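Side chains included, hydrogens not; waters and symmetry mates left out as well; all remaining heavy atoms used. Keep in mind the model is a prediction, meaning the values are calculated, not measured. Starting from 1, each residue takes its place in the sequence as its number.
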Amino acid sequence: MKLGPTGHLDTFARDNLPPSNQWPEILVDGFDYPEWLNCAVELTDRMVERGFGDQTALIGNGRRRTYKELSDWTNRIARALTEDYGLKPGNRVLIRSANNPAMVACWLAATKAGAVVVNTMPMLRVGEIAKVVDKAEVTMALCDTRLMDELVAVAKESRFLTQVIGFDGTANHDAELDRAALDKPVKFEAVKTGRDDVALLGFTSGSTGVPKATMHFHRDILIIADAYAKEVLDVTPDDVFVGSPPLAFTFGLGGLAVFPLRFGAAATLLEQATPAKMIEIIETYKATVCFTAPTAYRAMLAAMDKGADLSSLRVAVSAGETLPAPVYDEWVRKTGKPIVDGIGSTEMLHIFISNRLDDSRAACTGKPLAGYQAIVVDDDMREVAPGTVGKLAVKGPIGCRYLADDRQGDYVRDGWNLTGDSFIRDEDGYFHFAARCDDMIVSAGYNIAGPEVEAALLKHEAVAECAVIGVPDTERGHVVEAHVVLVDGSAASDAMAKLLQEHVKSIIAPYKYPRSIVFADTLPKTESGKIQRFRLKQARAA
């Protein structure tokens, strides 16, 4: 596709887009935006113009902020960034913070000022931040003052990062950036960016070695709301969002900032989004839409047995990893409401295949969103017959564009985005997750999908959590190994292992049973609650 005009003076981002012949096909029909577009203006100032000024936009750190307050706050910060710190349109700005209103304000303000923003997690350490800074040639960082040490250390050694500016992540407005902003007028003439200007660099989670940066335009940020949030969630101004994924992940940025702000709803932001904290928020603020991973839904179901009131939730969104059928069934039984599974990727910015509120079922990921296409293909990119496991290939209004990266050719083939997931499409056009392509365990010639074994294990009352990996075996190539966390009151023993093995054999084909069972107190997870099976594999290999 031909790119529209740019408002960037620093052309680094556009200069480092992949060559056009390596792009996926972009299907923009039905997603019409003006040539000049600043997504941060659309989510703040434009909402005030549309009459949402007095509505609550953000809840966090003990206070509510209206759309008018958010608009004024972001305009002041944007003025400080341009007038006091010399930010130029197209410069890369890294933001380091936990999920709080100040992080959202900084992201929106930098975007209004024409920056290309890189949101990062507090968990990142010096070496990881340095790779991000080098890859994106980040010149300025905005950092919650409680998390400054690592960034200051990176800046000392970096040839790119020259400014680290502290902001107050609490509600006190008592840090350098806050003080500079408080002095500014609440009006700001946002930078006239093009709809095809890069607004966001999303660094892929779970990547090893050199990180990959996915490049997303101003229009992409609105598309995920106008596609998924509108079609699947049917967001209204009465909605209150809650969730666990970090804003640094595009899944979190969509679910906890873009979606509510696009439709005049409210977002609650939690720095420590444990299931217990989320339950507290749901009960206090009568949250209606929840975004989290299946492991958190299991904890919330257990809390319901002890009296937790989740009745305000009208929709629970599960993503990050496949939703086991037992969790789906129990949620629907206990709440009477759907839990909506979906799949997205950082490369595609957000969810592209999903169940719908009126069309959801267990062990099913649903159908593509309007404007998206999906097929299941073999290694030669030929579509496979319904009911056959193959690789998921997707195209839509957003697609993979890595920042100056040879791995572009691995993700994009023949105009399709290859997500790295194995799927089955049934006769009725519904998609069913089989495994991450690298989670498919080949044992004695059989293809075994780890998540299917996990779903079987989770049906046993003694199993709280589990993760299945393939481990090398001289006879079979690989065998299935299950790492199991037992519920309180159940004891690890050889007898328990045998019991679980027989249980799995009784539910799915016996060849799929875990020949090895490892009992654990906890499983390694990302900050958003996604189980890190690769860490179990690494530990096993070591």
Side-chain angles (χ1 to χ4, degrees), residues 4-10 13-14 31-58 65-83 85 87-93 95 101-119 142 177 181 184-201 216-227 229-230 235 237 247 250 253-254 256-267 349 397-398:
T6 178
H8 287 175
L9 299 176
D10 174 347
R14 190 165 280 201
F31 297 99
D32 301 317
Y33 303 98
E35 208 166 42
W36 297 103
L37 180 75
N38 188 304
C39 63
V41 172
E42 299 301 316
L43 300 175
T44 55
D45 308 18
R46 194 78 67 240
M47 298 307 291
V48 176
E49 287 169 20
R50 288 173 52 200
F52 291 98
D54 294 335
Q55 287 265 118
T56 299
L58 302 177
R65 295 168 194 276
T66 65
Y67 277 86
K68 176 72 170 83
E69 287 174 314
L70 181 61
S71 179
D72 293 351
W73 187 13
T74 52
N75 285 341
R76 283 176 155 151
I77 296 172
R79 268 187 177 263
L81 293 175
T82 52
E83 293 170 8
Y85 299 103
L87 178 66
K88 297 283 184 286
N91 289 167
R92 274 75 56 220
V93 172
I95 301 177
M103 181 180 187
V104 174
C106 285
W107 165 59
L108 291 166
T111 305
K112 280 183 175 179
V116 177
V117 178
V118 184
N119 291 315
L142 311 181
L177 183 60
K184 302 293 179 189
V186 297
K187 290 272 185 281
F188 174 72
E189 190 64 47
V191 170
K192 191 177 166 187
T193 43
R195 64 187 172 200
D196 298 332
D197 272 329
V198 178
L200 183 74
L201 295 178
H216 298 295
F217 298 164
H218 280 264
R219 67 148 149 223
D220 298 344
I221 288 164
L222 299 185
I223 285 171
I224 60 172
D226 297 345
K230 192 173 188 176
V235 183
L247 292 163
T250 57
L253 191 71
L256 297 174
V258 180
F259 297 169
L261 296 178
R262 181 67 167 157
F263 298 103
L349 192 54
I398 301 171

For the pair D197 and R14, find out whether any cationic side-chain nitrogen is under 4.0 Å from an anionic carboxylate oxygen. yes

I want to check something: taking the side chain as every heavy atom from C-beta on, are N75 and K187 in contact at a cut-off of under 4.5 Å? no

Measure the spacing between OG1 of T6 and NZ of K192 and express it to the nearest 0.5 Å. 12.0 Å

Provide the closest heavy-atom pair for I398 versus D220 in the form atom of the first, atom of the second, distance. CD1-O, 3.6 Å

Could I get the full list of side-chain hydrogen bond (donor to acceptor under 3.5 Å, both in side chains) partners for E83, not counting sequence neighbours? R79, K184

Listing request: all salt bridge (charged side-chain N to carboxylate O under 4.0 Å, His left out) pairs with a residue in residues 34-46, at least two apart in sequence or in separate chains. E42-R46, D45-K112, R46-E49

Does some side-chain heavy atom of L108 sit less than 4.5 Å from a side-chain heavy atom of L261? yes

Are Y33 and D226 linked by a side-chain donor-acceptor pair shorter than 3.5 Å? yes

Using the test ring-ring contact (aromatic ring centres under 6.0 Å, His included), find all partners of W73 that sit at least two apart in sequence or belong to another chain. H173

How far apart are the closest heavy atoms of A78 and A109, and which atoms are they? CB-O, 3.5 Å

If I take atom CD1 from residue I77 and atom OG1 from residue T82, how far apart are they, to the nearest 0.5 angstrom? 12.0 Å

Quick one: CG on L43 to CD1 on I221, what's the gap to the nearest 0.5 Å? 8.0 Å

Show the nearest heavy-atom pair for residues V191 and G7, with the distance to one decimal. CG1-O, 4.2 Å

Mind checking the CD-OG1 spacing from E69 to T44? Nearest 0.5 Å is all I need. 13.5 Å

Closest non-hydrogen atoms of G114 and T193, given as atom of the first, atom of the second and distance, are CA-CG2, 4.1 Å

Do V116 and H8 make a side-chain contact, defined as non-hydrogen atoms from C-beta onward lying under 4.5 Å apart? yes

Evaluate K68 against D54 for salt bridge (Lys or Arg N to Asp or Glu O under 4.0 Å), listing each step before the verdict. CA-CA 6 Å; K68 176 72 170 83; D54 294 335; over 6 Å; no

So, taking the atom named NE2 in H216 and the one named CG in L349, what distance separates them when rounded to the nearest 0.5 Å? 4.5 Å

Does the distance from a Lys or Arg side-chain N to an Asp or Glu carboxylate O, for R76 and D72, drop under 4.0 Å? no

Between F31 and L222, does the side chain to side chain contact (heavy atoms under 4.5 Å, CB included) criterion hold? Intermediate values first, please. CA-CA 9 Å; F31 297 99; L222 299 185; over 6 Å; no

After noting the C-alpha distance and the side-chain angles of L81 and L177, does the key distance pass the side chain to side chain contact (heavy atoms under 4.5 Å, CB included) rule? CA-CA 8 Å; L81 293 175; L177 183 60; 4.0 Å; yes

Calculate, to the nearest 0.5 Å, the distance between atoms SG and CG belonging to C106 and N119 respectively. 9.5 Å

Would F188 and T74 count as a side chain to side chain contact (heavy atoms under 4.5 Å, CB included) here? Give the steps. CA-CA 9 Å; F188 174 72; T74 52; over 6 Å; no

For the side chain of H218 and the backbone of A199, is there at least one donor-acceptor N/O pair under 3.5 Å apart? no

Which atom names give the shortest non-hydrogen contact between R262 and A225, and what distance separates them? CG-CB, 3.6 Å

Closer than 3.5 angstrom, by distance alone: can the side chain of T56 be matched with the main-chain N or O of R65 as a donor-acceptor pair? no

Assess whether side chain to side chain contact (heavy atoms under 4.5 Å, CB included) is satisfied between I224 and T250, documenting all intermediate values. CA-CA 10 Å; I224 60 172; T250 57; over 6 Å; no

Taking all atoms of both residues into account, what is the closest heavy-atom pair of C39 and T111, and its distance? SG-CG2, 3.7 Å

